Visitor: 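Pasting a structure below so you can have a look.
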Amino acid sequence: MYRYGRTVVSRNIVLYYCPNGQSYNRIGFSISKKVGRSVVRNRIKRIYKEAFKLIEKQIRKGYDFILIARKPAVDVTFQEACKELLSLCRRGQLLLKKQ
RNA sequence: CGAGUAAACAUGGCAGCCGCGAAAAGAAAACCGCAAGGUGCUUUUCGAGGAAAGUCCGAGCUCCGCAGGGCAGGGUGCUGGGUAACGCCCAGUGAGGGUGACCUUAAGGCCAGUGCCACAGAAAAAAUACCGCCCGGCACUCAACUUUUGUUGACCUGGAAAACCAGAUAUGCCAACAUAUUCUAUAAAACAAAAGAUUAGCUGUUAUAAAACAGCCUAUUUUUUAAAGCAGAAAUGGAAAAUAACAGUUGAGUGCCGGGUAAGGAUGCAACGGUGCGGUAAGAGCGCACCAGGAACCGGGAGACCGGUUUGCUAGGUAAACCCCACCCGGAGCAAGACCAAAUAGGAGGAGGAUGAAGUAGCCCGCUGACUUCUCGGGUUAGGUCGCUGGAGAUACCAGGCAACUGGUAUCCAAGAUAGAUGGCUGCUGCUUACCAGGUUUGCUUAUGGCAGACCCGGCAAGAACAGAACUCGGCUUAUGAGUUUGCUCGGUUC
RNA sequence: UGGGGCGUAGCCAAGCGGUAAGGCACGGGUCUUUGGAAUCCGCAUGCGUAGGUUCGAAUCCUACCGCCCCAG
């Protein structure tokens with residue numbers, strides 16, 4: 001995925017994505033120890049997981065994602081995460097067309 | 001009311017939706033895996049902390065054949081108790097800090113030995129060494145004249161006294177009052193240093209014999225003047241110790257020798273007790289009083305230790321320096337360890353080994369007694385289950401104990417992940433703070449008002465820390481927002 | 001989980017009870033027409049932080065902070 005996928009980047013996260021040939025989406029998280037302690041890393045992961053769950057209905061099916069957290073993501077709130085993820089998907093042209 | 005001190009409590013509450021993990025029961029035989037096994041469906045229940053943290057101690061548990069001895073190493077260090085154990089806790093003792101409540105305390109032993117104590121200082125533990133002080137003896141030098149310089153040093157009279165006070169005198173008629181009464185000067189005497197001299201009181205010059213001149217000093221008298229011991233002028237007077245040698249006396253100094261002494265000796269964190277009086281040639285716990293300490297004895301206490309009496313006994317500090325003494329310590333850690341499943345291999349080469357491999361940090365003994373190690377090659381591909389939470393357990397009551405803690409009874413079961421579970425959103429509400437509007441009340445005041453404080457109600461907004469289980473407990477340490485309660489202390493005000 | 005080590009000026013570092021050596025860099029002076037070189041002078045929060053022992057601590061002890069390494 002790192003070799004063939006495409007990326008979109010924001011202040012807090014880097015998002016890799018590529019098609020997987022299935023009828024559902026998958027997401028993985030990669031958070032380095034540079035970001036913080038285990039509690040901090042776990043909290044970032046949970047927040048983005050929750051955000052991804054919220055906007056998953058608007059995303060096209062059949063993709064794998066890798067989400068890499070960057071250092072400013074320590075102080076992120078849930079609302080910011082939702083907005084950020086949505087804008088990244090829009091830039092990657094992953095959203096379903098509005099009916 | 002303010003400031004402080006000690007201890008305890010607590011780490012918001014009630015709901016709803018979605019999600020994550022676990023347990024139990026049920027249903028069904030769906031999915032993944034070669035298998036062990038796991039996932040999934042329904043219902044119910046449960047799901048972070050006082051520090052879960054740091055990993056600084058101690059234990060349980062598991063394995064190392066046995067867990068033995070000695071050395072080495074490490075730890076602890078006032079006393080008594082608590083505990084499974086501890087470096088922890090409780091109660092006390094000593095020392096230190098604080099006005100106090102209270103707090104802090106690694107607090108055994110430098111007459112077992114060794115080391116260190118920079119700089120300074122006579123000396124840092126070595127001896128009564130050095131300087132000094134005192135006594136005695138010997139040797140040597142200087143003085144017993146003057147001047148200069150420096151220091152002290154009275155100034156009309158008296159008062160401790162040049163300054164302050166009082167008085168006196170003079171002038172202006174008197175009083176008051178004012179001014180004046182030697183003030184950049186200096187006599188005698190003493191001391192110190194230097195220099196010089198040897199007939200004017202002193203200085204200088206000339207001559208050469210016991211003088212002269214000049215200037216100055218000084219005593220008396222006269223005079224001038226408003227006034228004179230003191231300003232000016234005049235007159236008279238003012239003296240004597242030549243040198244050298246020898247001997248002695250007195251005083252001072254220097255050096256050497258013998259003896260006494262530890263009072264004093266600038267320093268330093270620290271100097272073989274401190275202060276004072278007596279005593280002495282000078283001194284000394286040499287004697288005495290008080291204070292500090294040591295030793296012995298007596299008494300109290302379980303002990304650390306405390307109190308008293310006697311005794312001149314007076315001994316540097318440092319062991320968070322080596323060390324000595326007492327007590328404790330076998331090692332490794334849940335990636336311990338046990339079982340199950342699958343697969344590959346039961347290899348090759350080098351080194352050591354019954355003259356002893358290996359046996360959980362080191363060495364020796366004892367015990368067991370055959371493997372150990374390096375390189376190459378191959379397999380497994382982040383396999384599963386247990387250990388894993390019922391325990392030195394939690395809560396309540398009773399009993400023992402000053403307390404830490406212990407015993408008994410009853411009730412209860414309360415997280416268990418394995419790349420790692422607790423999250424997201426919403427509603428109501430409690431707490432704190434700020435602002436706005438209103439009300440009640442207290443104090444002050446320039447008084448139908450203004451200012452300040454407290455309380456009540458309403459509105460709106462913000463805030464809520466430190467931090468997250470990784471086998472389990474007991475402690476310690478560190479981090480921590482806003483609080484609550486209780487005991488006690490100090491200060492202020494009012495009654 | 002267990003064990004070991006380090007922290008001294010901007011940088012590299014010595015010192016391990018008696019008032020912090022040295023080098024590079026930096027600032028100033030001398031020299032030079034100027035620069036370099038040479039030469040002289042200067043530069044420490046008192047030695048990671050906070051307590052303690054000691055007459056005296058960078059050094060000894062305790063706790064904490066940060067960094068590095070090793071074994072399983």
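Since we're looking at a predicted model, the values are computed, not measured. Chain naming here is simple, since letters A, B, ... match the order of the sequence lines and numbering starts at 1 in each.
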Visitor: Taking the P atom of each, how far is rA84(B) from rG407(B), in whole Å?
Guide: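 About 7 Å, rounded to a whole number of Å.
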Visitor: So, for Y63(A) and P19(A), which heavy atoms are closest and what is the spacing to 0.1 Å?
Guide: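 Nearest heavy atoms, Y63(A) then P19(A): CD2-N, 3.7 Å.
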Visitor: With the 90 degree cut-off around zero defining syn, does rG285(B) come out syn or anti?
Guide: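 Here the answer is syn: the torsion falls within 90° of 0.
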Visitor: Would you call the rings of F52(A) and F65(A) parallel, tilted or perpendicular if under 30° counts as parallel and over 60° as perpendicular?
Guide: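 Geometry flag for F65(A) against F52(A): perpendicular rings.
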Visitor: Considering every strand shown, what is the Watson-Crick or G-U wobble mate of rA262(B) when both distances are under 3.5 Å?
Guide: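 When the pairing criteria are applied, nothing turns out to pair with rA262(B), so the answer is none.
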Visitor: Compare every heavy atom of A51(A) with every heavy atom of C82(A), then report the nearest pair and how far apart it is.
Guide: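 Heavy atoms only, the tightest pair is SG-CB, 3.9 Å.
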Visitor: Quote, to the nearest angstrom, the P distance that separates rC246(B) from rC142(B).
Guide: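 To the nearest whole Å, 11 Å.
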Visitor: Going by purine N1 to pyrimidine N3 plus the second Watson-Crick contact, or the G-U wobble pair, all under 3.5 Å, which nucleotide sits opposite rA44(C)?
Guide: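 Across all strands, not a single nucleotide pairs with rA44(C).
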Visitor: Once you apply the 3.5 Å cut-off to both distances, tell me the Watson-Crick or G-U wobble partner of rA38(C), or none.
Guide: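 Paired with rU30(C).
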Visitor: Syn or anti for rU389(B), given that syn means the glycosidic angle lies within 90° of 0?
Guide: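 rU389(B): syn.
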Visitor: Which label fits rG274(B), syn or anti, where anti is any glycosidic angle not within 90° of 0?
Guide: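 Chi for rG274(B) falls in the anti range.
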Visitor: Please measure how far the P atom in rC103(B) lies from the corresponding atom in rU489(B), and state the result in whole Å.
Guide: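 So the two P atoms sit 15 Å from each other.
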Visitor: When the P atoms of rG73(B) and rG474(B) are considered, how many whole Å apart are they?
Guide: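 It works out to 37 Å between them.
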Visitor: Sequence neighbours left out, what passes side-chain contact (heavy atoms from CB on, under 4.5 Å) with C89(A)? Give chain and number order.
Guide: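 Partners of C89(A) under the side-chain contact (heavy atoms from CB on, under 4.5 Å) test: I55(A), I59(A), L94(A), L95(A).
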Visitor: Of all the heavy-atom pairs spanning V9(A) and R91(A), show the shortest one and how long it is.
Guide: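 What the structure gives for the nearest pair is O-NH2, 2.9 Å.
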Visitor: Residues in side-chain hydrogen bond (donor to acceptor under 3.5 Å, both in side chains) with T7(A), at least two apart?
Guide: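 Here no residue qualifies.
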Visitor: When rounded to the nearest Å, what value does the distance between P atoms of rU149(B) and rA188(B) take?
Guide: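 About 12 Å, rounded to a whole number of Å.
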Visitor: Rounding to the closest angstrom, what is the interatomic distance between rG60(B) and rC388(B) at atom P?
Guide: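 Each nucleotide's P atom is 16 Å from the other's.
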Visitor: Roughly how far apart, to the nearest Å, are rA326(B) and rA112(B) at atom P?
Guide: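 So the two P atoms sit 16 Å from each other.
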Visitor: So which heavy atom on S10(A) is nearest to which on L88(A), and how close?
Guide: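 Here S10(A) and L88(A) meet closest at CB-CD2, 3.9 Å.
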Visitor: Take nucleotides 420-426 of chain B nucleotide by nucleotide from the 5' end and write B, S or -, depending on whether a protein heavy atom sits under 4.0 Å from the base, only from the sugar-phosphate, or from neither.
Guide: SSSBSS-
Visitor: In whole Å, measure the gap between the C1' atoms of rA72(B) and rC363(B) for me.
Guide: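 Rounded to whole Å, the distance is 8 Å.
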Visitor: Which one is paired to rC31(B), where only Watson-Crick or G-U wobble pairs with both distances under 3.5 angstrom count?
Guide: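 Pairing partner, where one exists within any strand: rG38(B).
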Visitor: Across all strands shown, which nucleotide pairs with rU254(B) by Watson-Crick or G-U wobble geometry, both distances under 3.5 Å?
Guide: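 Across any shown strand, rU254(B) pairs with rA139(B).
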Visitor: Partner of rC425(B) by Watson-Crick or G-U wobble geometry, both contacts under 3.5 Å, or none?
Guide: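 Across all strands, the one nucleotide that pairs with rC425(B) is rG16(B).
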Visitor: Searching all strands shown, indicate the nucleotide that pairs with rC67(C) (Watson-Crick or G-U wobble; both distances under 3.5 Å).
Guide: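 Partner of rC67(C): rG5(C).
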Visitor: Syn or anti for rA452(B), please, going by whether the chi angle lies within 90° of 0.
Guide: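 Classified anti.
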Visitor: Mind telling me whether rA53(B) is syn or anti, cutoff 90° either side of 0?
Guide: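 In terms of base orientation relative to the sugar, rA53(B) is anti.
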Visitor: Report the base-pairing partner of rG491(B) (Watson-Crick or G-U wobble, both distances below 3.5 angstrom), or none.
Guide: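 Answer to the pairing question: rC1(B), which forms a Watson-Crick or G-U pair with rG491(B).
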